[in-house]
Each structure stands twice: as C-alpha cells, then as structure tokens.
Amino acid sequence: MTVPASRWSTPTDLLAKVRRRWNSGELLTAYARQRWEPIVVPLRAPTAVELAEDFGAAQDWLAAWQAVDPTLVRLEWKRVGGRLVGSNEVPHRAVIDSADRVWALLRVKRQAETFLRLVEATRQTAPALVEWMTAEPMKVLDNEQSWARLVDVVRWIDRHPTAELYVRQIDVPGVDTKFIEQHRGVLAQLLDRQLAPERIDAAKPPARFAERYRFRTKPTYVRLRALARPIPAALGPFSEVTVRVDELAGTPLDVVRVLVVENETTYLALPPVPGTVAVFGGGYAVRALAPLTWLHDRELSYWGDIDTHGFAILDRLRQVFPHTTSVLMDAATLLGHREHWGQEAAPVTSELAHLTPAESQLYRDLVANRYASALRLEQERIRFSVVERVLTD
C-alpha cells in the first residue's frame with residue numbers, strides 16, 4: 001500500500017510551526033529575556049518501506065528540502081534503506097540556530113527590531129513596564145504606533161494625584177479621552193505595574209477605568225420635588241431641583257417623608273402632601289440614594305410598577321434602607337385595575353429576601369403567572385383618585 005507523501009514533514013510545515021511560535025510571542029519573549037535557544041523541529045521522513053513503495057514521491061520530497069536556504073535552516077540527516085532500495089540519507093531534524101535566522105525566515109526582522117527598540121526606550125523611562133512588555137510582545141507590536149503615548153500616559157498618571165482629577169484632565173500631547181477609551185485595556189495592564197497598590201482599586205475592572213485608578217467620576221444626580229409648602233430650606237425658592245448626590249448627602253432635608261417614584265409622569269402629577277419630598281427614582285437608579293444616610297431618620301416610601309422588576313427595585317432599596325415601605329404595590333391594587341394590566345418584556349425570577357410577607361406572596365404570584373403571563377401594572381395606569389386617597393390619607 002502506498003503511503004501518502006503528505007504524511008512526511010515539508011518545509012511548509014516547518015514554516016507553519018515556527019510562525020505559530022512567533023504569533024504566540026514566545027520567540028520574542030525568549031530573545032528579549034536572553035533565554036534564546038535554537039529551534040529544533042523533528043521531521044517525519046520516509047521510512048525504508050515508504051521509499052521502496054513510492055520512490056518518486058520521496059525524491060520530490062527530498063528535493064523540496066534541498067531547496068531550503070541552508071543559511072537559515074540547518075538540516076540534520078540520517079541514513080535509511082538498505083536491502084530494498086539501497087542506503088539513502090534523509091533529513092530528520094531541522095534546526096534554526098539563531099534569532100536572526102528566524103526573523104529572516106519569517107520576514108519579521110522589522111517587527112523584531114521595532115519591539116526591541118521599544119523595550120529599550122521604555123527601559124530608560126518606565127522600567128517597571130519592561131517585564132510586561134517581554135511577556136506580551138505581540139500586544140506591544142499591536143500598539144506600535146501608540147506606544148510612546150501609552151508610556152507617557154502611564155508616567156503622567158504616576159506623577160499626578162488623581163483623586164481631584166477627571167480623566168479628561170490627563171495632559172499628554174496627542175492624548176484625549178477617546179485615546180484613553182480605545183486603549184484602556186493595555187493602559188490598565190501597564191498602570192497595574194507602574195502604580196503603587198494603594199492607587200488601584202482592584203475591585204473595579206479596567207472597563208471602569210476612572211474608578212479603578214481613583215480619578216474623579218461623573219457625579220450622580222437626584223431629582224427632587226417638594227409636594228407642598230413650605231418648601232424645604234435646602235431647596236431654596238425652587239419647588240423642584242436636580243442636585244448632586246454627594247452634596248445632598250451632606251445637606252439633610254427638613255422633611256418628614258421621602259417618596260421615591262419610578263415613573264416621571266407620575267412623579268410630576270403627585271398631589272400635595274405636607275412634609276413630603278418626592279424623588280424621581282428612574283428604575284434601578286434608586287441605588288444612587290445609598291449615600292443619603294440621613295434617609296435612615298426619615299419616613300421612606302417606594303412606589304413602583306407592580307411587576308417583578310418593581311419588587312426587585314424595592315428589594316434593592318431595602319438592602320440599604322430596611323425601613324422602606326411600599327406604596328400601591330399590593331394585591332388589592334393589582335386586582336382592582338384588571339382593565340389596565342399589561343405585560344413585562346423580561347420578568348426576573350431571582351429570590352428577593354427583603355420583601356414583607358405580603359409583598360413576597362404577590363411577587364411569587366407574578367413569577368408563577370398566577371393571574372396572567374408576565375403580568376405588569378404600571379404605576380401610571382392606576383386611577384388618580386386612588387393615588388390621591390392613599391397618599392393624602
């Protein structure tokens with residue numbers, strides 16, 4: 001039976017194996033760390049039986065190896081054959097003795113020289129980055145055109161306390177916030193090696209770049225509306241304001257009750273309620289209220305849609321403020337508005353540990369589709385006379 005010549009190692013196979021090692025970065029890493037060793041690749045050569053069965057194919061195979069440039073690849077030979085076809089020498093191992101020969105074979109001399117130049121330049125200005133560079137040479141080459149600016153950004157951040165700065169204030173020629181966003185993955189890996197540990201919040205991922213490296217972040221705002229006069233002094237002459245949460249945290253409002261409402265139209269239409277300020281919660285934005293520790297000393301209520309997400313928001317608010325009560329989120333309200341029922345697009349089914357027994361039962365009924373599939377009663381669909389009666393009683 002003829003053995004397919006494709007089972008014999010070819011120069012193309014050798015090139016592919018060496019190329020894979022280049023693409024992995026292994027070769028540049030070894031060279032940059034002065035751990036270079038000759039590349040030795042065993043070759044699958046024809047056996048004596050295979051030579052006898054397909055001598056012509058074996059000759060073609062041998063000719064292909066004889067055409068390989070000996071200044072780049074050194075072949076080691078062994079003798080096969082004898083009784084059937086006579087004694088023949090075939091290459092059984094290919095050796096590439098130096099890095100320069102690899103660069104020439106793969107035609108990557110420019111890339112190799114560029115990488116080594118970038119390593120040496122960085123060693124002079126930011127030596128703490130060199131170990132990462134030699135471990136990730138292909139990432140360095142991927143960022144060849146931007147490398148000098150990346151190093152400059154890392155050095156700039158290292159020299160400047162970031163607690164009072166926004167990312168926008170990084171002052172490096174050729175660098176803007178778009179550059180930071182586009183390169184934050186690589187920058188994060190470099191900054192993790194350059195900065196002192198206390199300047200890194202390791203709990204934040206690189207995608208949250210500003211928080212991870214302790215820059216100032218965009219303030220969180222909360223929208224407030226006084227539901228009756230007198231207006232709380234902190235609101236000045238305005239019945240409705242939008243303020244920074246960090247500033248509101250230090251300015252407790254002189255009110256008895258705070259009502260968090262999920263729907264904007266409902267928030268705007270709320271009836272007069274003495275001593276009460278309404279907060280437009282905007283769905284899961286209620287978590288922004290956590291810094292307002294003075295809410296622990298106020299009556300706090302939440303009114304959201306009667307659906308699984310509404311109860312999930314209530315549960316999350318209670319994790320921070322356990323004394324929170326719910327408004328119009330009960331079975332009687334749901335069953336009294338059948339003509340206004342709708343459907344949730346994507347109900348949640350997770351366990352909610354911070355609901356009252358009545359709320360938990362209604363939540364379980366919604367999850368189980370007891371009344372209707374993916375049932376939802378939006379708060380703006382509740383009759384306004386019911387709203388007025390409940391809030392003003």
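Fair warning: this is a prediction, and the values are worked out from it, not measured in the lab.
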Exercise for the section: For a side chain to side chain contact (heavy atoms under 4.5 Å, CB included) with E26, tell me which candidate from R21, M138, R20 qualifies. Expected result: R21

Practice task
Apply the side chain to side chain contact (heavy atoms under 4.5 Å, CB included) test between L314 and each candidate in T324, L352, V260; give the one that qualifies.
Solution key: T324

Give the minimum heavy-atom separation between [X] and [Y], together with the two atoms involved.
{"X": "F311", "Y": "L355", "value": "O-CD2, 3.8 Å"}
{"X": "A45", "Y": "W61", "value": "CB-CH2, 3.6 Å"}
{"X": "I231", "Y": "G236", "value": "CG2-O, 3.9 Å"}
{"X": "D307", "Y": "E344", "value": "CB-CD, 3.4 Å"}
{"X": "V175", "Y": "R149", "value": "CG2-CB, 4.1 Å"}
{"X": "E380", "Y": "D305", "value": "OE1-OD1, 4.2 Å"}

Cluster overlap [X] with [Y], hydrophobic side-chain contacts below 4.5 Å:
{"X": "I306", "Y": "V390", "result": "yes"}
{"X": "L317", "Y": "Y221", "result": "no"}
{"X": "V243", "Y": "F238", "result": "yes"}
{"X": "V18", "Y": "V40", "result": "no"}

Exercise for the section: Please state whether the rings of Y267 and F280 are parallel, tilted or perpendicular, taking 30° and 60° as the class boundaries. Expected result: tilted

Problem - Contacts of type side chain to side chain contact (heavy atoms under 4.5 Å, CB included), residue E247, not counting sequence neighbours - result: R244

Exercise for the section: Would you check, one step at a time, whether the test side chain to side chain contact (heavy atoms under 4.5 Å, CB included) holds for L141 with L28? Expected result: CA-CA 11 Å; L141 288 176; L28 278 175; 3.9 Å; yes

Handout entry: Non-hydrogen side-chain atoms of L270 and L259 separated by less than 4.5 Å
Key = yes

Completion exercise
So the side-chain hydrogen bond (donor to acceptor under 3.5 Å, both in side chains) pairs with at least one residue in residues 31-43 (sequence neighbours excluded) are R33-T134

Exercise for the section: Kindly determine whether L235 and L253 satisfy side chain to side chain contact (heavy atoms under 4.5 Å, CB included), including the steps that lead there. Expected result: CA-CA 8 Å; L235 273 60; L253 298 185; 3.8 Å; yes

Handout entry: side chain to side chain contact (heavy atoms under 4.5 Å, CB included) assessment of W303 paired with V387
Key = CA-CA 11 Å; W303 177 22; V387 176; 3.5 Å; yes

Problem - W294 side chain vs L248 backbone, donor-acceptor pair below 3.5 Å - result: yes

Handout entry: Under 3.5 Å donor-acceptor, D13 side chain and T10 backbone
Key = yes

Problem - Qualifying residues under salt bridge (Lys or Arg N to Asp or Glu O under 4.0 Å), relative to D254, sequence neighbours excluded - result: none

